[in-house]
Amino acid sequence: MPELPEVETVRRGLAPVMEGVVIAQAQVNRPDLRWPFPESMAERLTGKRVLRLRRRSKYILADLDSDETLLIHLGMSGRMTISGHTVGEFHHPHPVPAKHDHVVFEMDGGARITFNDARRFGAMDLMPTGGEADFWLIRDLGPEPLGNQFDEAYLVDRLKGRNTPIKSALLDQRIVSGLGNIYVCEVLYRAGIHPARKAGQISAKRVASLVSLVRDVLSEAIEAGGSSLKDYRQADGELGYFQHQFSVYDQEGKPCPTPLCEKKITRIVQSGRSSFFCPQCQR
DNA sequence: ATGGGGGCCTGCCGGC
DNA sequence: TGCCGGCAGGCCCCCA
């Protein structure tokens, strides 16, 4: 269920135990997640050094010293857990293997990284390092919402004339990549825009305002994830899931947090997915 | 090209 | 206690 901030938090949590470290053994417990794993994936990972961990949209990219890059997508229920390492005074022991532990990396030095994904909407694949422009999983992704290419002129242009609801447009990873259901709801609340409003019908000024609101919402969530990483010495080593207070997401029936607003947060369904918003503040 | 809906999986929670 | 419907933070694919 991870959106960009959760994926970035996972990446930051994994980096200290993966970057510069050799994968002593990759254990692959089934042939596929959402798609079949690439041929001989375990062999292509075992013995390779992870040079760098990067992120593109909701993908974690691990550049290997074999000129291949491992792509990891967490889907809806994918989780990464680190064990066998020490943070400060706290040692994370290896847990007993769990149902849905599909891929396990034993790192040189004793750390273990476990990928668990009950619903199996996640994915792993290998591409040639540097192949972002061609690789099928990521070639059509729009700009990073925190990057320079995502600016007001760009978004105004992309939404111009679009008849789709703004909710759907912001979820469309080809327009901007990294937002999911939660943060789109939060952004639209801050922008005062009703999720069902047609994208092309919103004034350029209001569309432009979405750019900085997207940046704010994602940056704040990444920051919250960063502080959660600091204390996870008492947690179970699972990365990326942190308590977060949302203004509207999953707040159906609760009072709108806007001062002086008396309305309650409403839930509607758009293309099969819940949208939460304030019917007073969002038009 | 664009917009909408179905489907993929499993787990959990609330209601009866 | 058990069963059932509804729901879940993603995204590809197909259809009109």
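Quick note on labels: first sequence line is chain A, next is B, and so on, each numbered from 1. Note that these values count all heavy atoms, side chains included, but never hydrogens, waters or copies made by symmetry.
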Notebook entry, point to check: Between atom CZ of Arg162(A) and atom CD1 of Ile202(A), what is the distance when rounded to the nearest 0.5 Å?
Noted result: 12.0 Å
Notebook entry, point to check: His102(A) vs Phe115(A) aromatic rings, parallel, tilted or perpendicular, using cut-offs 30° and 60°?
Noted result: tilted
Note to self: Nearest whole Å is fine: how far is dA8(C) C1' from Glu6(A) CD?
What the structure shows: 14 Å
Margin query: When the P atoms of dC9(B) and dC14(C) are compared, how many Å lie between them, rounded to an integer?
Written below: 16 Å
Next item on the list: Would you mind reading off the distance between Ile182(A) atom CD1 and dG10(C) atom C1', rounded to a whole angstrom?
Entry: 12 Å
Notebook entry, point to check: Using Watson-Crick and G-U wobble pairs whose two distances are both under 3.5 Å, how do you write the pairing of DNA chain C as dot-bracket, with | for links to another strand?
Noted result: .|||||||.|||||||
Checklist line | Name of the residue among Leu155(A), Leu170(A), Thr164(A) meeting side chain to side chain contact (heavy atoms under 4.5 Å, CB included) with Ile175(A) | finding: Leu155(A)
Margin query: Categorize Gly272(A) for me: base, sugar-phosphate, or nothing, with a 4.0 angstrom heavy-atom threshold over every strand shown.
Written below: nothing
Margin query: Generate the contact string for nucleotides 11-16 of chain C. Rules: B means base contact, S means sugar-phosphate contact only, - means no protein heavy atom under 4.0 Å.
Written below: BS----
Check: What is the distance, rounded to the nearest whole Å, between atom CD of Gln270(A) and atom C1' of dG5(B)?
Finding: 14 Å
Notebook entry, point to check: Rounded to the nearest Å, what distance is computed from the CD1 atom of residue Ile268(A) to the P atom of nucleotide dG4(B)?
Noted result: 12 Å
Note to self: Does the plane of the ring in His194(A) sit parallel, tilted or perpendicular to the ring in Phe277(A)? Use 30° and 60° as the thresholds.
What the structure shows: tilted
Note to self: For dG11(B) and His100(A) - does any side-chain N or O of the residue sit under 4.0 Å from the phosphate oxygens OP1/OP2?
What the structure shows: yes
Next item on the list: Please report, rounded to the nearest Å, how far the P atom of dT10(B) is from the CG atom of Asp101(A).
Entry: 15 Å
Margin query: Quick test of your reading of the model: are Glu8(A) and Arg12(A) salt-bridged, counting only N-O distances below 4.0 Å?
Written below: yes
Note to self: Rounded to whole Å, how long is the line connecting atom CG of Asp117(A) with atom P of dG10(C)?
What the structure shows: 13 Å
Checklist line | Under-4.0 Å side-chain N/O to phosphate OP1/OP2 contact, Tyr249(A) with dG9(C) | finding: yes
Next item on the list: Please determine if a side-chain N or O atom of Lys99(A) lies less than 4.0 Å away from the OP1 or OP2 oxygen of dG11(B).
Entry: yes
Notebook entry, point to check: Quick one: which of dG3(B), dC9(B), dG11(B) gets closest to the side chain of Arg119(A)?
Noted result: dC9(B)
Note to self: Taking any heavy-atom pair under 4.0 Å as a contact, classify Ser274(A): base, sugar-phosphate, or nothing.
What the structure shows: sugar-phosphate
Notebook entry, point to check: When you measure from the side chain of Arg162(A), which nucleotide among dT2(B), dG10(C), dG11(B) comes out closest?
Noted result: dT2(B)
Notebook entry, point to check: Are Asp117(A) and Arg120(A) close enough for a salt bridge, meaning some N to O gap below 4.0 Å?
Noted result: no
Next item on the list: Determine, for Glu144(A) against Arg54(A), whether the closest basic-nitrogen to carboxylate-oxygen distance falls under 4.0 angstrom.
Entry: no
Notebook entry, point to check: Can a salt bridge be assigned to the pair Glu132(A) and Arg56(A) using a cut-off of 4.0 Å between side-chain N and carboxylate O?
Noted result: no
Next item on the list: Establish, with yes or no, whether the OP1 or OP2 oxygen of dG4(B) is under 4.0 angstrom from a side-chain nitrogen or oxygen of Thr164(A).
Entry: yes
Margin query: If I take atom CZ in residue Arg56(A) and atom C1' in nucleotide dG10(C), what distance separates them, rounded to the nearest angstrom?
Written below: 16 Å
Margin query: For a quick check of understanding: with a heavy-atom distance under 4.0 Å over all strands, which category does Arg267(A) fall into, base, sugar-phosphate or nothing?
Written below: sugar-phosphate
Item checked: Inter-nucleotide P distance (dG3(B), dG9(C)), Å rounded -> 22 Å
Next item on the list: Send over the distance from Glu252(A) CD to dG9(C) P, rounded to a whole Å.
Entry: 13 Å
Next item on the list: Give one of base, sugar-phosphate or nothing for Asp250(A), where a contact means two heavy atoms less than 4.0 Å apart.
Entry: nothing
Check: How many angstroms lie between atom NZ of Lys58(A) and atom CD of Gln173(A), to the nearest 0.5 angstrom?
Finding: 4.0 Å
Check: What residue pairs, at least two apart or across chains, pass salt bridge (Lys or Arg N to Asp or Glu O under 4.0 Å) with a residue in residues 168-181 of chain A?
Finding: Asp172(A)-Arg174(A)
